[in-house]
Amino acid sequence: AALGFVFLYAPILSLVVFSFNDSRLVTVWGGFSTRWYGQLFNDAQILGAAWISLKVAFWSACLATVIGTLGAFVLTRMPSFFGRLLLMAMLTAPLVMPEVITGLSLLLMFVATEQVFNSFWLTEGLFPARGVITVIIAHTTFCAAFVAVIAQSRLRDMDESLEEAARDLGAGPVRVFFDVTLPVIAPALVSGWLLAFTLSLDDLVIASFTSGPGASTLPMVIFSKVRLGVSPDVNALATIII
């Protein structure tokens, strides 16, 4: 176990240490310095990509939480409705589907949708070109599956007699959901939101397929920098993210 933890965390620790390296070579210690942090905060490309990633992650997590919670509620509270198996399959498919397949299919869908909208004069330009909005839609699609799994687990463990008591006292289904069910499952929804936010912030493959010019996320910028060789400012950026 100790060797396993060392194998996992020693590279991360070395990354943090070398983010304070004065040398331009990331593997050669040249003295303590914070110069790369200053250079990082003067890099407009990285700051812009970080802002885009935070914005995409926030809205994707919020939308995924709403969609995932509704899907989990239907699966747990409406066990006999028509299409239950199909809904369950659609909610769980992104969990096991390779990101390359998901990204490619979403790209084809966005291209086809844009062509359909632009083929009619009244709807021309209505569907946005690939950019921040399409990345948010894509991230919401696969993040909702993770939120649904967490919310569904909490709803199954919840004591349904609380909802039954509220209905006996005259509360309608909507009020029961907001006054009883939602407060009980709130910790699970917070966990799902945080997980969705992290997954969106971390995603590279799907964002690469669905983003457009001027909508490069932070992982895309980091990957482009690493391909040309790791620089100390990337270490500083990774340390801040950690």
Non-hydrogen side-chain atoms of [X] and [Y] separated by less than 4.5 Å:
{"X": "Val96", "Y": "Thr92", "answer": "no"}
{"X": "Leu195", "Y": "Ile150", "answer": "yes"}
{"X": "Ile46", "Y": "Lys225", "answer": "yes"}
{"X": "Leu91", "Y": "Leu87", "answer": "yes"}
{"X": "Asn235", "Y": "Asn21", "answer": "no"}
{"X": "Val234", "Y": "Trp36", "answer": "no"}

Q | Derivation of the side-chain contact (heavy atoms from CB on, under 4.5 Å) call for Ile240 and Leu40 | A | CA-CA 11 Å; Ile240 293 174; Leu40 175 66; 3.7 Å; yes
Quick one: does [X]'s side chain have a donor or acceptor within less than 3.5 Å of a partner on [Y]'s backbone?
{"X": "Ser224", "Y": "Val221", "result": "yes"}
{"X": "Ser211", "Y": "Ser216", "result": "no"}
{"X": "Arg35", "Y": "Asp22", "result": "yes"}
{"X": "Asp233", "Y": "Gln39", "result": "no"}
{"X": "Ser19", "Y": "Val16", "result": "yes"}
{"X": "Ser200", "Y": "Ala196", "result": "no"}
{"X": "Thr113", "Y": "Met109", "result": "yes"}
{"X": "Ser53", "Y": "Leu201", "result": "no"}

Out of curiosity, [X] [atom1] to [Y] [atom2], how far, rounded to the nearest 0.5 Å?
{"X": "Leu70", "Y": "Thr65", "atom1": "CG", "atom2": "OG1", "value": "10.5 Å"}
{"X": "Leu169", "Y": "Asp179", "atom1": "CG", "atom2": "CG", "value": "11.5 Å"}
{"X": "Gln152", "Y": "Asp157", "atom1": "CD", "atom2": "CG", "value": "11.0 Å"}
{"X": "Ser153", "Y": "Ile185", "atom1": "OG", "atom2": "CD1", "value": "11.5 Å"}
{"X": "Leu182", "Y": "Arg175", "atom1": "CG", "atom2": "CZ", "value": "14.0 Å"}
{"X": "Arg154", "Y": "Thr181", "atom1": "CZ", "atom2": "OG1", "value": "10.5 Å"}

Q: Output all residues satisfying side-chain contact (heavy atoms from CB on, under 4.5 Å) with Leu47, sequence neighbours left out; order by chain, then residue number.
A: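 Here the qualifying residues are Phe41.
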Q: Using side-chain contact (heavy atoms from CB on, under 4.5 Å) as the criterion, list what pairs up with Ser105, not counting sequence neighbours.
A: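 With neighbours one apart ignored, the set is empty.
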(Q) Is it the case that the side chains of Ser161 and Asp159 hold a donor-acceptor pair, with the cut-off being a distance below 3.5 Å and no angle test? (A)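 Yes, because at least one side-chain N or O of Asp159 sits under 3.5 Å from a partner of the opposite role on Ser161.
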Name all residues meeting the ring pair (Phe, Tyr, Trp, His ring centres under 6.0 Å) criterion together with [X]; count only those two or more places apart in sequence or in a different chain, and write none if there are none.
{"X": "Phe197", "value": "Trp193"}
{"X": "Phe146", "value": "none"}
{"X": "Phe32", "value": "Phe20"}

Looking only at heavy atoms, which two atoms of [X] and [Y] are closest? And how far apart?
{"X": "Ser60", "Y": "Thr140", "value": "CA-OG1, 3.5 Å"}
{"X": "Ala144", "Y": "Ala64", "value": "N-CB, 3.6 Å"}
{"X": "Thr217", "Y": "Ala207", "value": "OG1-CB, 4.0 Å"}

Establish whether [X] and [Y] are linked, either directly or via other cluster members, by ILVMFWY side-chain heavy-atom contacts under 4.5 Å.
{"X": "Met78", "Y": "Leu86", "result": "yes"}
{"X": "Met97", "Y": "Val149", "result": "no"}
{"X": "Met90", "Y": "Leu75", "result": "yes"}
{"X": "Ile241", "Y": "Leu54", "result": "no"}
{"X": "Met158", "Y": "Val174", "result": "yes"}

Just list the side-chain donor-acceptor pairs under 3.5 Å for residues 3-14, sequence neighbours left out, or say none.
from  : atom 1 : to    : atom 2 : distance (Å)
Ser14 : OG     : Ala10 : O      : 3.4
Ser14 : OG     : Pro11 : O      : 2.7

(Q) Please determine whether the number of non-hydrogen atoms from other residues, nucleotides or ligands lying under 6.0 Å from atom CH2 of Trp51 exceeds 12. (A)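 At most 12 heavy atoms, drawn from other residues, nucleotides or ligands, come within 6.0 Å of this atom.
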**Q.** CA sep, side-chain torsions, deciding dist, call: Thr69, Leu155, side-chain contact (heavy atoms from CB on, under 4.5 Å)
**A.** CA-CA 10 Å; Thr69 302; Leu155 284 168; 5.8 Å; no
Q: Could you go through the side-chain contact (heavy atoms from CB on, under 4.5 Å) check for Leu199 and Asp203 one step at a time?
A: CA-CA 6 Å; Leu199 290 170; Asp203 176 70; over 6 Å; no
Q.
Under the side chain to side chain contact (heavy atoms under 4.5 Å, CB included) test against His139, which residue among Val135, Ile136, Ile137 passes?
A.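 By the side chain to side chain contact (heavy atoms under 4.5 Å, CB included) criterion, His139 pairs with just one of Val135, Ile136, Ile137: Val135.
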Q) Taking the six-membered ring for Trp, are Phe110 and Phe209 ring centroids under 6.0 Å apart? A)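 No.
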